[in-house]
Amino acid sequence: MRDRLRQITEAAVAAAITTGQLAVQDVPPVIIDRPRDKAFGDWSANIAMVLAKQAKKRPLEIAELLAALLAENCDIVAAVEVAPPGFINFRLATPYLTDAVKEIIRLGPEFGKNQAGAGERVQIEFVSANPTGPLHVGHGRWAAVGDALANVMTAAGYKIEREFYVNDFGNQMALFGVSVAARYAQLFGIDEALPEQGYHGAYVTDIAQEIADNEGEKYLKLPAAERHDIFRRHAEEQVIEHIKRVLESFGVVFDIWFSERSLHEAGVIDQVINRLRDSGHVFEQDGAVWLRTTDFGDDKDRVIIRENGQLTYFAADIAYHEDKFERGFDRVINIWGADHHGYVARMKAATSALGYDPDKLEIIIGQLVNLFREGEPLRMSKRTGEMVTFEELLAEVGPDVARYLFLTRSTDSSVDFDIELAKRQSQDNPVYYVQYAHARISSILRRAAERGVALPVAGVADGSLLVEPAELELIKHLLSLRETIEDAALLRAPYRLTKYAEETAAAFHAFYVQCRVITTDEALTQARLTLVQATQIVIKNTLTLIGVSAPERM
RNA sequence: GCCCUCGUAGCUCAGUUGGAUAGAGCGACCGCCUCCUAAGCGGUAGGCCACAGGUUCGAAUCCUGUCGGGGGCACCA
């Protein structure tokens, strides 16, 4: 729709130029937008105002000129109007709208998909929680955002891979192994202290308990180093399995789980550092090896090999991103929590140093989730392990509510999540509002079947019977699914889907109250059933992208 | 101190390459079920778009500064 209008408007501009009515050198891209007020029409273009200066003509004059050209060759538009200070407003033709309803039914699950992404290969890395403990609620948000973004970009014609980077190397992992070992020893009455910086959560004891249950006390005799290593490996395995299971129950499945340790073991980090050294971006100082990230806009240079010879996390991350680009992605998207945003500049700088275009690395910084219960904030401490895990949240509110609420805000703003409010099945809860529309539709279709009313075969019903404002308003909303998917994908803004879902549900509920579907007027019943089916398709497609179920009854 | 981010209705937030009279949900108030699901619909009230300058035909949107909330400034991950 928007594409069509853009094309014909561009054609009108071109025509005006070739006929000499418009003297313009550079034609800026035509932007088709929604008018603020529906009274102005369905779509509008501001191109006349943009061209005014170049063409040395009054905007209104240009608008009149273009409107005249537009009105000639356009069947999808009923009226092209000009409004001061120079807007060109389009009013869609009703026959076009009613025909479009049949098109939605014909396309079904495919309706709304498009090629805005032009087949670009994109990797999205998200969640990437350390395998040293359970997922927290913030991870849940990244899971919802990353997965929905992957869904909507796929629908917009991108080729997407989902990846989880596993930080299974280094101090934290070692400390985790030592912590489990200590708890294990304690289970057998041996007084082994947890390290100062170790992991104190109750889940550490659970893991130790499981090892004790399955394998007894045989590890007690092993030397400490060996024991720590065994426990580290065991604990890591268990935590990753747990993370996978929780994410799967949330409907999020990754294509690739990428191990940091594999980079160390393959020696690729040293290779990448050598490459950077050869290209002159590396220097030594104070006994450490540094990457000169300030050459690429970072605040300060960064250590990649510490004085003690150990690689930093950053070094591994450079090799990891080198690997991503080596795999041939056109674009790489990382979703990070706000607590990592200080890391963005150096990662972009490293990308440049490696010789890749830093704009190919997009980093989405997401604000955190604040948990509440009945308006009271829930304090969370990672250190003591006293916190609501993502798994517990899921158990309380269920995946649909969690996924939906995590996507109701732009990633730039933090989500205040009240557990009691989320559980309450009330109007405070937008997820039910949307699902209810779907359930209502299913109910109408069931009722029609009960009464022996044949469901319309696509294309047969007489669309011209749909003339009520509520009907036409609903149709317009349904048709904008495509633009919504385009915008959500191109702007990396999956939260737009929930907004769209609510608007569509609202348009349906209004229609429902004003227009009875199943009546004695057979032709009208058929036409409205067609519209209802199309609405069901649109709501279901939208909820599917969000990752929320579309219930048949509630 | 420096960097990032946010500041829009009582509350939570939309408003994106600068456009028309500033938008939604919740909350408040007033209405609507003989009827396909009232988990719904309609209406009313509610605004110095944090503040001050600047850019231009036009600024919630872009620039500069100030104030306020959040986050970050490791040879941790």
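Here the structure is a predicted model, which is why all the values come from computation and not from measurement. Sequence lines set the chain letters: A, B, ... in the order given, protein chains first and strands last, and positions in each chain run from 1.
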Quick one: label A:Asp286 by what it contacts on the DNA or RNA (base, sugar-phosphate, nothing), any heavy atom closer than 4.0 Å.
-> base
From B:C36, B:C41, B:A77, pick the nucleotide closest to the side chain of A:Ile444?
-> B:C36
Look at A:Arg440 and B:A38 and indicate whether a side-chain polar atom (N or O) is within less than 4.0 Å of OP1 or OP2.
-> yes
Return the polar atom pairs (N/O with N/O) between nucleotides 8-14 of chain B and the protein under 3.5 Å, or none.
| residue | atom | partner | partner atom | Å |
| --- | --- | --- | --- | --- |
| B:U12 | O2' | A:Arg409 | NE | 3.4 |
| B:U12 | O2' | A:Arg409 | NH2 | 2.4 |
| B:C13 | OP1 | A:Ser414 | O | 3.3 |
| B:C13 | O5' | A:Arg409 | NE | 3.3 |
| B:A14 | OP1 | A:Ser410 | N | 3.3 |
| B:A14 | OP1 | A:Ser410 | OG | 3.3 |
| B:A14 | OP1 | A:Ser413 | OG | 3.2 |
| B:A14 | O2' | A:Lys499 | NZ | 3.1 |

Distance between P atoms of B:G68 and B:A14 (Å, rounded) = 24 Å
Under 4.0 angstrom between A:Tyr433 side-chain N/O and B:C41 OP1 or OP2 = yes
Mind checking whether A:His438 and A:Phe508 have ring centres under 6.0 Å apart?
-> no
Separation of the P atoms in B:C13 and B:U8, to the nearest angstrom | 9 Å
Nearest-angstrom distance, P atom, B:C33 to B:G42 | 16 Å
Syn-anti status, with the boundary at 90° from 0, for the nucleotide B:C49 | anti
Pick base, sugar-phosphate or nothing for A:Pro59, based on heavy-atom distances below 4.0 Å to the nucleic acid.
-> nothing
Are A:Phe40 and the base of B:A20 stacked, counting only ring centres nearer than 5.5 Å and planes tilted under 30°?
-> yes
Base, sugar-phosphate, or nothing for A:Ala288, non-hydrogen atoms under 4.0 angstrom?
-> base
P-based separation of B:A20 from B:C49 [nearest Å] = 15 Å
Is the gap between the ring centers of A:Trp43 and A:Phe90 under 6.0 Å?
-> no
side-chain contact (heavy atoms from CB on, under 4.5 Å) between A:Tyr165 and A:Asn334, intermediate numbers included | CA-CA 10 Å; A:Tyr165 182 54; A:Asn334 294 347; over 6 Å; no
Enumerate, in order of first residue number, the stems that involve RNA chain B, defined as 3 or more consecutive Watson-Crick or G-U wobble pairs with both distances under 3.5 Å.
-> B:1-7 with B:67-73, B:10-13 with B:23-26, B:28-32 with B:40-44, B:50-54 with B:62-66
Distance, rounded to the nearest Å, where A:Asp487 contributes CG and B:U16 contributes C1' = 9 Å
C1' atom, B:A45 versus B:A28: distance in rounded Å?
-> 8 Å
Only pairs at least two apart or in different chains count here, so list each salt bridge (Lys or Arg N to Asp or Glu O under 4.0 Å) that has a residue in residues 511-532 of chain A.
-> A:Glu471-A:Arg528
Rounded to the nearest angstrom, tell me the gap between atom CG in A:Asn171 and atom C1' in B:A74.
-> 13 Å
Residue pairs, two or more places apart or on separate chains, that pass salt bridge (Lys or Arg N to Asp or Glu O under 4.0 Å) and touch residues 434-453 of chain A = A:Arg447-A:Glu450
Which atom pair, heavy atoms only, marks the closest approach of A:Ile539 to A:Ala437?
-> CD1-CB, 3.8 Å
So, do A:Tyr203 and A:His242 have ring centers that fall under 6.0 Å from each other?
-> no
Which part of the nucleic acid, if any, lies within reach of A:Val303 when heavy atoms closer than 4.0 Å are counted: base, sugar-phosphate only, or nothing?
-> base
What's the NZ-P distance between A:Lys348 and B:C3, to the nearest Å?
-> 19 Å
Residue A:Ser44, side-chain atoms from C-beta onward, closest of B:C36, B:U5, B:A20 = B:A20
Interatomic distance, A:Ile365 CD1 vs B:C6 P [rounded to whole Å] | 12 Å
Please enumerate all protein N or O atoms sitting under 3.5 Å from an N or O of nucleotides 33-35 of chain B, with distances to 0.1 Å.
| residue | atom | partner | partner atom | Å |
| --- | --- | --- | --- | --- |
| B:C35 | O2' | A:Arg516 | NH1 | 2.4 |
| B:C35 | O2' | A:Arg516 | NH2 | 2.9 |

Set of residues satisfying salt bridge (charged side-chain N to carboxylate O under 4.0 Å, His left out) with respect to A:Arg409, sequence neighbours excluded | none
Is there a side-chain polar atom (N or O) of A:Tyr512 under 4.0 Å from OP1 or OP2 of B:A38?
-> yes
Checking all strands, does A:Arg553 fall into the base, sugar-phosphate, or nothing category for heavy-atom contacts under 4.0 angstrom?
-> base
B:A74 to B:G54 separation - C1' atoms, rounded to the nearest Å | 40 Å
Write down the distance between CD (A:Glu473) and C1' (B:C41), rounded to a whole number of angstrom.
-> 15 Å
Is it true that A:Phe126 and A:Phe164 have ring centroids separated by less than 6.0 Å?
-> no
Quick one: does A:Asp301's side chain have a donor or acceptor within less than 3.5 Å of a partner on A:Trp290's backbone?
-> no
With nearest nucleotides of RNA chain B determined for A:Ile518 and A:Leu368 from heavy-atom distances, which residue corresponds to the more 5′ nucleotide?
-> A:Ile518
Mind calculating the distance between NE2 (A:His341) and C1' (B:U5) to the nearest angstrom?
-> 7 Å
Carboxylate-amine/guanidinium proximity below 4.0 Å for A:Arg373 and A:Asp418 | no
Value in whole Å for how far the C1' atom of B:A38 lies from CE of A:Met554 = 13 Å
Ring centre gap for A:His264 and A:Phe169 strictly below 6.0 Å | yes
Check for a donor-acceptor pair, side chain of A:His200 on one end and backbone N or O of A:Gly198 on the other, with a separation under 3.5 Å.
-> yes
Answer with base, sugar-phosphate or nothing: what part of the nucleic acid does A:Asn46 contact at a heavy-atom distance below 4.0 Å?
-> base
Indicate, with a heavy-atom threshold strictly under 4.0 Å, whether A:Ile31 touches base, sugar-phosphate, or nothing.
-> base
Across the strands shown, which category fits A:Glu307 at heavy-atom distances under 4.0 angstrom: base, sugar-phosphate, nothing?
-> base
Most 5' of A:Ile88 and A:Tyr436 on RNA chain B, judged by nearest nucleotide = A:Ile88
Using the C1' atoms only, state how far B:C3 lies from B:G23, rounded to an integer number of Å.
-> 33 Å
A:Asn89 (side chain) and B:A20 (base): donor-acceptor pair under 3.5 Å = yes
Look at the side chain of A:Thr312 and the base of B:A77, then say whether one donor and one acceptor between them are separated by less than 3.5 Å.
-> no
Shortest side-chain distance from A:Ala510, nucleotide among B:A74, B:C41, B:G40 | B:C41
Kindly indicate, with the supporting measurements, whether the criterion side-chain contact (heavy atoms from CB on, under 4.5 Å) is fulfilled by A:Arg302 and A:Phe314.
-> CA-CA 8 Å; A:Arg302 308 291 174 175; A:Phe314 182 45; 3.7 Å; yes
For atom P, what is the distance between B:C62 and B:U16, given to the nearest Å?
-> 9 Å
Distance-only donor-acceptor check, side chains A:Ser44 and A:Asp33, under 3.5 Å | no
Specify the separation, in whole Å, of atom CZ of A:Phe283 and atom P of B:C75.
-> 11 Å
